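Computed over heavy atoms, backbone and side chain alike; hydrogens, waters and symmetry mates excluded. Computed from a predicted model, the values in this text were never measured in an experiment. When a ligand or atom number is given, it counts from 1 through the structure's own listing order.
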Amino acid sequence: MLQHIAIIMDGNGRWAEARGLPRTRGHEAGSQQISVIAKAAGELGVKVLTLYAFSTENWKRPLSEVNFLMRLITRYSSEKLPEMMENGIRLRTIGRISALPAAARRSVEKTIAATANNDRITLNLALNYGGRAEIVDAVNSLLKSDRKKGKVTEEELQRHLYAPDLPEPDLLIRTGGEFRISNFLLWQISYTELYVSDVCWPDFGAEELRQAVEAFTQRQRRFGGLGKS
Ligand code: IPE
Ligand code: IPE
Ligand code: MG
């Protein structure tokens, strides 16, 4: 069963450069694909869609690009609210949200609150997200918690991650053709099926999603065992 798809939305810059456009135009076009894919995933019966929108390492980019992305997050989360209500999309986030510019944080938080009762699909945006940062934040939260001394278990650490109630991703898609994880969901993808598409994110549509899901259905997941007999 495919409950949760995670996507590394990569290739916006290359998409734009190939068209002689500034990188920001790629981000703009990429942001429009989020709605297309969220709707298509909902129609496929997927319950959670986690999208990597900004990593803890993306601050290294030129300030003008970072500022553009922050404005895009602000604009996206407010402009798409009616569409999210119409399509039963619940917005959530993972990442160090408190370090986002105030305008972006406020706009995202407003939409999270407004969509809290939508239950068709959860759109979980990874914003200022890093897999290592998440594990460090979980350990610090554990140290602060009122726990009895003794050894930490996987289950206990897991409960201190950003979204402990969400199922782990069944399928991780990376667009833009590169075979790396780039610090995404390090803890949660231990047994996730991986799929790399050469298509850049602004061109990744419902048909490409369907192909990825089709590939997933051909996989045999064994979780370290011998699989179903
Ligand atoms: C992904 O596209 C979007 C973000 C990382 C914010 P890129 O901007 O990384 O696009 P490429 O990889 O340079 O083509
Ligand atoms: C991963 O893409 C981060 C996001 C899609 C938000 P990057 O473009 O930042 O990854 P690298 O630098 O190619 O590894
Ligand atoms: Mg990239």
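- Residue contacts with ligand 2: Asp10 is placed with a nitrogen or oxygen under 3.5 Å of a nitrogen or oxygen of the ligand (distance criterion only).
- A salt bridge links Arg210 with Glu207; the closest basic N to acidic carboxylate O contact falls under 4.0 Å.
- Taking 4.0 Å as the cut-off, Gly11 counts as a neighbour of ligand 1 on heavy-atom distance.
- Nearby protein atoms of type N, O or S around the Mg ion (ligand 3) amount to 1 (distance under 2.8 Å).
- For the pair Gln32/Lys80, a side-chain contact is recorded, criterion being any heavy-atom separation below 4.5 Å from C-beta on.
- We find that Arg159 and Glu155 are not joined by a salt bridge, their nearest charged nitrogen and carboxylate oxygen being 4.0 Å or further apart.
- The closest protein non-hydrogen atom to atom 13 (O) of ligand 2 is Arg180 NH2, 2.8 Å.
- No more than 12 heavy atoms of other residues, nucleotides or ligands shown are found within 6.0 angstrom of CG on Asn117.
- Proximity of Arg23 to ligand 1 is established by a heavy-atom distance of less than 4.0 Å.
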Ser182/Arg174 under side-chain hydrogen bond (donor to acceptor under 3.5 Å, both in side chains): CA gap, chis, key distance, verdict: CA-CA 10 Å; Ser182 302; Arg174 183 171 185 136; 2.9 Å; yes
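- The shortest contact between atom 1 (C) of ligand 1 and any protein heavy atom is with Met9 O, 3.0 Å.
- Aromatic ring orientation, Phe223 versus Tyr191: tilted (interplanar angle from 30° to 60°).
- Nearest-heavy-atom check against atom 2 (O) of ligand 1 across Asn12, Ile8, Asn58 picks out Asn12.
- No path of Ile, Leu, Val, Met, Phe, Trp and Tyr side chains, each step under 4.5 Å between heavy atoms, connects Leu125 with Leu185, placing them in separate hydrophobic clusters.
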Gln188 vs His4, side-chain hydrogen bond (donor to acceptor under 3.5 Å, both in side chains): CA-CA, chis, key distance, verdict: CA-CA 11 Å; Gln188 296 88 343; His4 183 175; over 6 Å; no
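- Close approach to Phe54 involves these atoms of ligand 2, each under 4.0 Å from a residue heavy atom: 6 (C).
- Salt bridge Arg19/Asp203: present, at least one basic N to carboxylate O contact under 4.0 Å.
- The closest approach between any non-hydrogen atom of Arg14 and ligand 2 is not below 4.0 Å.
- Within a 6.0 Å sphere centred on CD of Gln218, heavy atoms belonging to other residues, nucleotides or ligands number more than 12.
- Protein heavy atom closest to atom 14 (O) of ligand 2, with residue, atom name and distance, is Ser182 OG, 2.6 Å.
- Scanning the protein for heavy atoms near atom 10 (O) of ligand 1, the closest one is Gly13 N, 2.9 Å.
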Ser107 vs Thr74, side-chain hydrogen bond (donor to acceptor under 3.5 Å, both in side chains): CA-CA, chis, key distance, verdict: CA-CA 6 Å; Ser107 170; Thr74 313; 5.6 Å; no
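- Using a distance-only test at 3.5 Å, with no hydrogens or angles considered, a donor-acceptor pair links the side chain of Glu208 to the main chain of Gly205.
- In this structure, Lys60 has no heavy atom closer than 4.0 Å to ligand 2.
- Contacts with ligand 2 closer than 4.0 Å are made by backbone heavy atoms (N, CA, C, O) of Ala53 only, the side chain lying farther away.
- For atom 5 (C) of ligand 1, the nearest non-hydrogen atom of the protein is Arg61 NH2, 3.3 Å.
- In this structure, His27 has a heavy atom closer than 4.0 Å to ligand 1.
- Of the candidates Asp10, Leu209, Val196, Leu209 is the only one forming a side-chain contact (heavy atoms from CB on, under 4.5 Å) with Ile173.
- Of the N or O atoms in Tyr52, none lie within a sub-3.5 Å distance of an N or O in ligand 2.
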